[in-house]
Amino acid sequence: MFAFSPATGASSVTLKLSTDGGTTWYPANVVWTDNSGGLNSESRMAQIDGLVAGTQYKAKLVVVGGSKEGDSNTEMFTEE
């Protein structure tokens with residue numbers, strides 16, 4: 001489960017993952033968010049699927065539009 005501040009005013013929000021330390025990124029398979037509109041400018045939490053146990057990931061949000069436009073800070077984690 002990922003928790004983050006909403007990207008108010010954004011036209012697009014994408015959660016991306018990397019398994020090579022941040023060299024290449026791909027969209028995460030988001031299967032749940034805390035609002036009915038999917039991952040968007042009002043989201044505060046997201047759950048993703050398809051992670052492989054023992055794999056180290058970097059995650060970030062990519063925001064288009066609004067005051068938080070751009071790439072977020074990255075968070076590193078290892079799937080258990």
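Here the structure is a predicted model, which means the values were calculated and not measured.
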Which salt bridge (charged side-chain N to carboxylate O under 4.0 Å, His left out) pairs, counting each pair once, include a residue from residues 61-80, with sequence neighbours left out?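 Passing the test, one end in residues 61-80: K60-D71.
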
According to salt bridge (charged side-chain N to carboxylate O under 4.0 Å, His left out), does anything in residues 11-29 pair up with another residue at least two apart or in another chain? List the pairs.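 Pairs touching residues 11-29 that pass the test: none.
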
F2: what forms a ring-ring contact (aromatic ring centres under 6.0 Å, His included) with it, not counting sequence neighbours?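 If we apply the ring-ring contact (aromatic ring centres under 6.0 Å, His included) test to F2, skipping adjacent residues, the hits are F77.
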
Please find the pair of heavy atoms, one from A59 and one from L17, that lie closest to each other, and give the distance.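 Nearest pair, atom of A59 first, then L17: CB-CD2, 3.8 Å.
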
Under the side-chain contact (heavy atoms from CB on, under 4.5 Å) test, residues paired with P27 that sit two or more places apart: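 With neighbours one apart ignored, the set is T14.
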
Quick one: side-chain contact (heavy atoms from CB on, under 4.5 Å) partners of N40, sequence neighbours excluded?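 Scan of N40 (side-chain contact (heavy atoms from CB on, under 4.5 Å), adjacent residues dropped) gives N35, E42, S43.
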
Give, for atom OG1 of T24 and atom NZ of K58, the distance between the pair rounded to the nearest 0.5 Å.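 Atom-to-atom, T24:OG1 and K58:NZ are 11.5 Å apart.
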
Hydrophobic cluster membership, with links at side-chain heavy-atom distances under 4.5 Å among I/L/V/M/F/W/Y: are V13 and V30 in one?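 Result: yes, single cluster for both.
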
In residues 48-57, what donor-acceptor pairs under 3.5 Å come from side-chain atoms, sequence neighbours left out?
residue : atom : partner : partner atom : Å
T55     : OG1  : V52     : O            : 3.2
Y57     : OH   : V52     : N            : 2.8

Return yes if some donor-acceptor pair links the side-chain N/O of S41 with the main-chain N/O of T8 below 3.5 Å, else return no.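 Here the side-chain-to-backbone pair does not exist.
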
Is a donor on one side and an acceptor on the other found under 3.5 Å between the side chain of S12 and the backbone of V64?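 The answer is no, because no donor-acceptor pair under 3.5 Å joins these two groups.
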
Under the ring-ring contact (aromatic ring centres under 6.0 Å, His included) rule, what pairs show up with a residue in residues 10-45, not counting sequence neighbours?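 Sorted result for residues 10-45: empty, none.
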
